[in-house]
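Numbering of ligands and ligand atoms starts at 1, following listing order.
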Amino acid sequence: MDIGELSRVAHAMTAKGRGILAADESSGTIKKRFDAIGVVSTEDSRRDYRELLFRSAEGMKHISGVILYDETIRQKAKDGTPLVHLIEAAGAIPGIKVDEGAKPLAFCPGETVTEGLDGLRDRLIEYHGLGARFAKWRAVIDIAPGIPTYTSIVTNAHALARYAALCQEQNIVPIVEPEVLMDGDHDIDACARVTEWTLKEVFQALSHQRVTLEGMVLKPNMVISGAKCPKQASVDEVVARTVEILKRCVPAAVPGIAFLSGGQSDIDATTHLNAMNAKFDLPWPLTFSYGRALQAAPQKAWSGKPENVPAAQTAFTHRAKMNGLAATGTWKSDLEKAA
Ligand code: 13P
């Protein structure tokens, strides 16, 4: 393990004003996104779509790293250039999703554990050879009556920590992503309680597995009301509660924190990130690692038509720029109206 190199990459991933594009939708998830815009999901259509993002020169200025899916890290652009080279040429770092999804957890009805540890060392060696310098593993914690259980939180934390140790052993920076879902009707207090519990167990497990905190990036959810909660917390409340929980749980040695968007609207995801950076002086940079909140607009603008590529690139560039500003606390809502 080269901790100097891991730390350099982790800092570059969370460098001021830039954030991560999560373009690592599995074939099943990207099919759902394409169904919504009336596009048939094929190897070529997935390639064409992702190529247009990576070729958005202006938008990519705000992107520090791109999370890819197994198919994409091996794909070539239409002109034969590997997609990984397009990302590097744009000044961003290629990364790879290595988990194999959330599967039902035995004896815990309604809960899951993320799988993918078997054979992971060999896959990491191959991905490093293909250009990946960081990886992602997403654990999913749901909130519902009687859920989450201790079993699910500890089991997911253990898997995350084993993944992170294997990544560092192979000189790949682990993005550690314990996502407390915002589905459901729970209030912000429930989200705060479960997020705090989860992060504490995750950092305990990372310590047990001898993970070096200086060589990782944390990808948490924001502390937010459930999407179906009748009383939605204000922006001030979301940012205060999120910062409070992060301060309690995340050691200052962690180089950076990059939030997931988790189903927030594009504007909410930007507003919350901006308010945290504008209001608080924190031990870590706070940035974005958004999937939906960066891609919903370009997907809609593209709709699978080659003639719409420039419009889709404009839409992507706009969201990347807005979130880049939010990562420095300098975004203003009238910039959205102007666009
Ligand atoms: P969302 O921003 O759409 O939540 O996706 C981020 C991600 O990578 C989830 O694993």
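- A donor-acceptor contact closer than 3.5 angstrom links the side chains of T81 and D79.
- Heavy-atom proximity to S289, at under 4.0 Å, picks out these atoms of ligand 1: 6 (C).
- Residue-ligand proximity, Y290 to ligand 1, at heavy-atom distances under 4.0 Å covers atoms 2 (O).
- Near G262, meaning under 4.0 Å from one of its heavy atoms, ligand 1 places the atoms 1 (P), 2 (O), 4 (O).
- Atoms of ligand 1 lying under 4.0 Å from at least one heavy atom of S261, given by number and element, are 1 (P), 2 (O), 3 (O), 4 (O).
- Near K136, the atoms of ligand 1 lying under 4.0 angstrom from a non-hydrogen atom of the residue are 7 (C), 8 (O), 9 (C), 10 (O).
- For ligand 1, one of its N or O atoms has an N or O atom of G291 under 3.5 Å away.
- R74 and E71 are not joined by a salt bridge, as no carboxylate oxygen comes within less than 4.0 angstrom of a charged side-chain nitrogen.
- Contacts between R138 and ligand 1 below 4.0 angstrom, taking non-hydrogen atoms only, involve the side chain exclusively.
- Shown in contact with K219 at under 4.0 Å from a heavy atom are these atoms of ligand 1, numbered in order with element: 6 (C), 7 (C), 8 (O).
- The residues R121 and E169 are annotated as salt-bridged, a charged nitrogen and a carboxylate oxygen being separated by less than 4.0 angstrom.
- Between R248 and E244 there is a salt bridge, with a side-chain nitrogen of the basic residue lying less than 4.0 Å from a carboxylate oxygen of the acidic one.
- Annotation: K103, atom NZ; neighbour count of heavy atoms from other residues, nucleotides and ligands within 6.0 Å is above 12.
- The closest protein non-hydrogen atom to atom 9 (C) of ligand 1 is E177 OE2, 3.2 Å.
- If you check the side chains of Y290 and D266, you find no donor sitting under 3.5 Å from an acceptor.
- Between F34 and Y49, the distance separating the two ring centers is shorter than 6.0 angstrom.
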